[in-house]
Every structure is written in C-alpha cells, then in structure tokens.
Colleague: 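Handing you a structure now.
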Amino acid sequence: FTAPTAGTYMIVVNFSGHDSTMRAIGPWGTSTAHTATTSDSGAVVALWTATNGQKVTFTVSALAPLLAYPESVQVFKR
C-alpha cells in the first residue's frame, strides 16, 4: 500500500480459525489477535504513520498450534 497523503492509517487483517492467533509485523512493530472458536471473527489492527507517497510492507502469519485463515486486509485513514 502507498499512502496517498501523510497521516495515520489503520491496517486491519481479518481472519478466522479455531483457537487461532494471527500476527502482523510491520513498521509499527508486532500486532496480534486471537479467535477462540471457528465462528469467531478475528482482526489484527495496527496503526501506521506515513508520509506522503510512503509505501508500507508487512508480514502476516498464523501462530501454532492451529491454522488461522486470512480473509481480507483493509486500510483506513484516521
């Protein structure tokens, strides 16, 4: 994602899974979220402060013991 203007952006990674933990690592550090059951919707949320035209890259991973299923990534300007 490239920030069209300077500001703070909220990055949200939506996921699901039974007893699952999802992690996002980026310039903000590490953010995690957990779902207890398959019917729960999880969301890893991170805040990123960008300059005009700055690009962000980040890594998303599921932590053991069970798999998490990424469903979407959303970016919102605050």
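Not measured: the values here are computed from a predicted model.
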Colleague: Taking a hydrophobic cluster as the set of Ile, Leu, Val, Met, Phe, Trp and Tyr residues connected by side-chain heavy atoms closer than 4.5 Å, whether directly or through intermediates, do Val44 and Val73 fall within one such cluster?
Modeller: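 In one cluster with Val44: Val73, yes.
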Colleague: Distance check, rounded to the nearest 0.5 Å: Thr32 atom OG1 versus Met22 atom CE?
Modeller: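 Rounded to the nearest 0.5 Å, the OG1-CE separation comes to 11.5 Å.
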Colleague: Got Trp28 and Val56 here, is their nearest side-chain heavy-atom distance under 4.5 Å?
Modeller: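 Yes - at least one pair of side-chain heavy atoms lies under 4.5 Å apart.
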Colleague: Testing the basics here: between Ala33 and Ala43, what is the closest heavy-atom pair and its distance to 0.1 Å?
Modeller: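 In this case the closest contact between Ala33 and Ala43 is CB-O, 3.3 Å.
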Colleague: Rounded to the nearest 0.5 Å, what's the gap from NZ on Lys77 to OG1 on Thr5? Could you check?
Modeller: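 Output value for this atom pair is 3.0 Å.
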Colleague: Hey, what do you get for CD1 (Ile25) to OG1 (Thr57), rounding to the nearest 0.5 Å?
Modeller: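 Those atoms lie 11.5 Å apart.
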Colleague: Determine the minimum heavy-atom distance between Ser16 and Thr35, stating which atoms define it.
Modeller: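 What the structure gives for the nearest pair is C-OG1, 4.4 Å.
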Colleague: Hey, what do you get for OG (Ser31) to CZ (Arg23), rounding to the nearest 0.5 Å?
Modeller: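 Taking OG in Ser31 and CZ in Arg23, the distance rounds to 11.0 Å.
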Colleague: To the nearest 0.5 Å, how far apart are CZ in Phe15 and OG1 in Thr21?
Modeller: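 Here the rounded value is 7.0 Å.
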Colleague: To the nearest 0.5 Å, how far apart are CD in Gln74 and CD1 in Ile11?
Modeller: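 Reported value, rounded in 0.5 Å steps: 11.5 Å.
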Colleague: Do the non-hydrogen side-chain atoms of Phe58 and Val13 ever get within less than 4.5 Å of each other?
Modeller: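 A side-chain contact exists here, since the closest heavy-atom pair is under 4.5 Å.
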Colleague: Is it the case that over 12 heavy atoms from other parts of the model lie below 6.0 angstrom from the CZ atom of Phe1?
Modeller: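 Counting other residues, nucleotides and ligands, CZ of Phe1 exceeds 12 neighbours.
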Colleague: Under 30°, 30 to 60°, or over 60°: which ring-plane class applies to Tyr9 and Trp48, parallel, tilted or perpendicular?
Modeller: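 Tilted: the ring planes of Tyr9 and Trp48 meet at 30° to 60°.
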